[in-house]
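Attaching a single structure in structure tokens format; questions to follow.
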Amino acid sequence: MRTPSPRRILVVEDDPAARRFVAKLLRQEGYRVVEAAHGRDALERLQDGAAPCLVLLDLRMPVMDGRDLVRALRRTSKWSALPIVATTADPLSTEESGLFQAILHKPISPEDLLRVVKRYCA
């Protein structure tokens with residue numbers, strides 16, 4: 001895996017309003033945010049620059065959902081150790097929960113989001 005950029009976060013969310021809210025909050029805290037609308041978009045964005053310190057992703061998305069994206073990342077050696085935090089309104093199985101470093105249940109409070117982000121990004 002490439003050395004992660006300590007302040008770069010990939011936000012993968014199909015809802016434009018939710019994506020803008022999260023991106024704005026993170027930018028206000030000094031993070032560099034890369035936005036993607038679905039899993040395939042996220043894979044393309046990962047090829048475009050420095051590795052993020054964290055991937056924050058919605059699980060339900062069109063084109064390629066969050067579950068498929070995390071499985072693809074875990075199968076790819078350069079992305080297999082990338083910290084991934086899921087955002088969801090749905091309950092997860094124990095097996096699914098094990099795919100992520102953390103899970104944030106929607107609606108997400110800004111405090112919870114920032115607490116989790118600070119755990120993985122300097």
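Values below: all heavy atoms of this structure, side chains included; hydrogens, waters and symmetry mates excluded. For clarity, every value in this text was computed on a predicted model and none was experimentally measured.
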Note, L56 side chain near T87 side chain (heavy atom, < 4.5 Å):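 The answer is yes, as the side chains (C-beta and beyond) meet within the 4.5 Å cut-off.
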Is any side-chain heavy atom of P52 less than 4.5 Å from a side-chain heavy atom of I9?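 No, every pair of side-chain atoms sits at 4.5 Å or beyond.
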Under the criterion side chain to side chain contact (heavy atoms under 4.5 Å, CB included), I'd like the reasoning laid out for E13 against L57: C-alpha separation, chi angles, the key distance, then a yes or no. CA-CA 6 Å; E13 169 65 62; L57 67 91; over 6 Å; no
Salt-bridge present (R7, E29; N to O < 4.0 Å):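 Looking at R7 and E29, the cut-off is not met.
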Report yes if some heavy atom in the side chain of I103 is under 4.5 Å from a heavy atom in the side chain of V85; otherwise report no.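 The answer is no; the side chains never approach within 4.5 Å.
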Could you state the interatomic distance from CG (L99) to CG (L73), rounded to the nearest 0.5 Å?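 Reported value, rounded in 0.5 Å steps: 11.0 Å.
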Which distance, rounded to the nearest 0.5 Å, do you find between the CD of Q101 and the CG of L82?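 Separation between the atoms: 8.5 Å.
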Distance, nearest 0.5 Å, that separates CG of L26 from OH of Y31: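 If we round to the nearest 0.5 Å, L26:CG and Y31:OH are 7.5 Å apart.
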Do NZ/NE/NH1/NH2 and the carboxylate oxygens of R19 and D58 come within less than 4.0 Å?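 Salt bridge: no.
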Would you say the side chain of D65 lies within less than 4.5 Å of the side chain of L69, judging by non-hydrogen atoms?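 Contact flag for L69/D65 side chains = no.
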How far apart are the closest heavy atoms of A51 and W79, and which atoms are they?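 Heavy atoms of A51 and W79 come nearest at CB-CZ3, 3.6 Å.
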Output yes when a side-chain donor or acceptor of R27 lies under 3.5 Å from a complementary backbone atom of V33, and no otherwise.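 Yes.
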Nearest non-hydrogen partners of R74 and S80, listed with the distance: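 Answer, listing the atom of R74 first, then S80: NH1-O, 2.8 Å.
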Should L59 and F100 count as side-chain neighbours, where that means a heavy-atom distance under 4.5 Å?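 Sidechains of F100 and L59: in contact.
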Approximate separation, where rounding is to 0.5 Å, of H105 NE2 and T88 OG1: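 It comes to 7.5 Å.
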What pairs with P91 under side chain to side chain contact (heavy atoms under 4.5 Å, CB included), at least two apart in sequence or on another chain?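 Partners of P91 by the side chain to side chain contact (heavy atoms under 4.5 Å, CB included) criterion come out as none, since no residue qualifies.
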CG on L104 to CD1 on I108, rounded to 0.5 Å: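 CG of L104 is found 5.0 Å from CD1 of I108.
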Working to the nearest 0.5 angstrom, can you tell me the gap between T76 OG1 and L43 CG?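 The CG atom of L43 is 7.5 Å from OG1 of T76, to the nearest 0.5 Å.
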Taking the side chain as everything from C-beta on, heavy atoms only, tell me whether D14 gets closer than 4.5 Å to P62.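 Counting from C-beta outward, D14 and P62 do come under 4.5 Å.
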Going through the distances and angles, do L92 and R67 end up as a side chain to side chain contact (heavy atoms under 4.5 Å, CB included)? CA-CA 11 Å; L92 298 178; R67 289 169 178 87; 3.4 Å; yes
Report the residues that fulfil side chain to side chain contact (heavy atoms under 4.5 Å, CB included) with Q28, sequence neighbours left out, ordered by chain and then residue number.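 Q28 satisfies side chain to side chain contact (heavy atoms under 4.5 Å, CB included) with K24, L25 once adjacent residues are dropped.
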Measure the shortest side-chain to side-chain distance between P83 and V55 over non-hydrogen atoms and say whether it is less than 4.5 angstrom.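 They are not in side-chain contact.
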Looking at every heavy atom in both A37 and D41, which two are closest together, and how far apart are they?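 For A37 versus D41, the nearest heavy atoms are N-OD2, 2.8 Å.
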Residue list, side chain to side chain donor-acceptor pair (under 3.5 Å) with D15, at least two apart or on another chain: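 With neighbours one apart ignored, the set is empty.
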Do other residues, nucleotides or ligands put more than 12 heavy atoms under 6.0 Å from R119 CZ?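 Counting other residues, nucleotides and ligands, CZ of R119 exceeds 12 neighbours.
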Inspect the surroundings of CZ in R40 and state if more than 12 heavy atoms from other residues, nucleotides or ligands are less than 6.0 Å away.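 Not buried by this count: 12 neighbours or fewer within 6.0 Å.
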Pair E111 + K118, salt bridge at N-O below 4.0 Å: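 So E111 does not pair with K118 through a salt bridge.
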Has the side chain of R45 got a donor or acceptor atom that lies under 3.5 Å from a matching backbone atom of E35?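 Side chain of R45 to backbone of E35, a donor-acceptor pair under 3.5 Å: yes, one is there.
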Student check: side-chain heavy atoms of L10 and L54 closer than 4.5 Å: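 Not in contact.
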